[in-house]
Amino acid sequence: MKIATASDHAGYELKKEIIAYLSEKGIQYEDFGCGPGEKVDYVDYGEKAAAKVSSGEYDRAILVCGSGLGMAIVANKYKRIRATPCTDDYSAEMSRKHNDSNCLTLAARIVPVDEALNIVRIWLETGFEGGRHQRRIDKILDIEERNFK
Ligand code: RB5
């Protein structure tokens, strides 16, 4: 699995912890910024990573900002992206089982580091259940086809 990571300044420190976790687990990733000490717009970095998943070059993205919300809004502007802001274990699990989330967005200003890393672990380890949930994903893909250029 190839993961694209990105953050703004608010998410930078948490992103570093996530990158350390991915490295420790031997999970392939590439970071699309921002770097340390920068003050940036989350839009610019969320866009870079989301584009890589949308194109199929990367399997999933993990995006970190202060609330996890701006990153989700940006990523969901891309075709084939299902970005889910998760602030707890249950939403992390359900985002995979039911929504086949391919983009996790995290709130560095809300969720403590150890909890965020557990959310990442659950999100990476949990599979999609398919079945009736696939039917719903297909409907979402159909909405994309009708509304995205
Ligand atoms: C930056 O101050 C903050 O607005 C950003 O990290 C994010 O929370 C936006 O949704």
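Just so it is clear, the model here is predicted, and its values are computed rather than measured. For ligands, and for the atoms within them, numbers begin at 1 and follow the listed sequence.
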Cationic tip of K79 above F148 ring, under 6.0 Å, 45° of axis: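 The answer is no, since K79 fails at least one limit relative to F148.
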For atom 2 (O) of ligand 1, closest protein heavy-atom neighbour: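 Of the protein heavy atoms, R109 NH1, 3.1 Å lies nearest.
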Check ion pair R146-D142 (N to O, under 4.0 angstrom):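 Here R146 pairs with D142 in a salt bridge, since their nearest N and O are under 4.0 Å apart.
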Trace of the salt bridge (charged side-chain N to carboxylate O under 4.0 Å, His left out) decision for D44 with K48: CA-CA 7 Å; D44 301 326; K48 288 181 195 192; over 6 Å; no
Qualifying residue for side chain to side chain donor-acceptor pair (under 3.5 Å) with K15, from D31, D8, T5: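 One option only clears the test, and that one is D31.
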Structural part of C65 in contact with ligand 1, heavy atom criterion under 4.0 angstrom: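 Within the 4.0 Å criterion, C65 contacts ligand 1 through backbone and side-chain atoms alike.
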Pair Y12 and Y45, ring centroids less than 6.0 Å apart: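 Not close enough - the centres of the two rings lie 6.0 Å or further apart.
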Atom 4 (O) of ligand 1: any protein heavy atom closer than 4.0 Å: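 Looking at atom 4 (O) of ligand 1, one finds that no protein heavy atom lies closer than 4.0 Å.
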Distance under 4.0 Å to a non-hydrogen atom of [X]: what atoms of ligand 1 satisfy this?
X   : result
G66 : 5 (C), 6 (O), 7 (C), 8 (O)
A10 : 6 (O)
D8  : 1 (C), 5 (C), 6 (O)

G70 N/O under 3.5 Å from ligand 1 N/O: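 Such a contact does occur with ligand 1.
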Polar proximity ligand 1 side, S67 side, N/O cut 3.5 Å exclusive: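 For ligand 1, there is an N or O atom that lies under 3.5 Å from one belonging to S67.
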Side chain S54, main chain A50, donor-acceptor under 3.5 Å: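 Checking the backbone N and O of A50 against the side chain of S54, no donor-acceptor pair under 3.5 Å is found.
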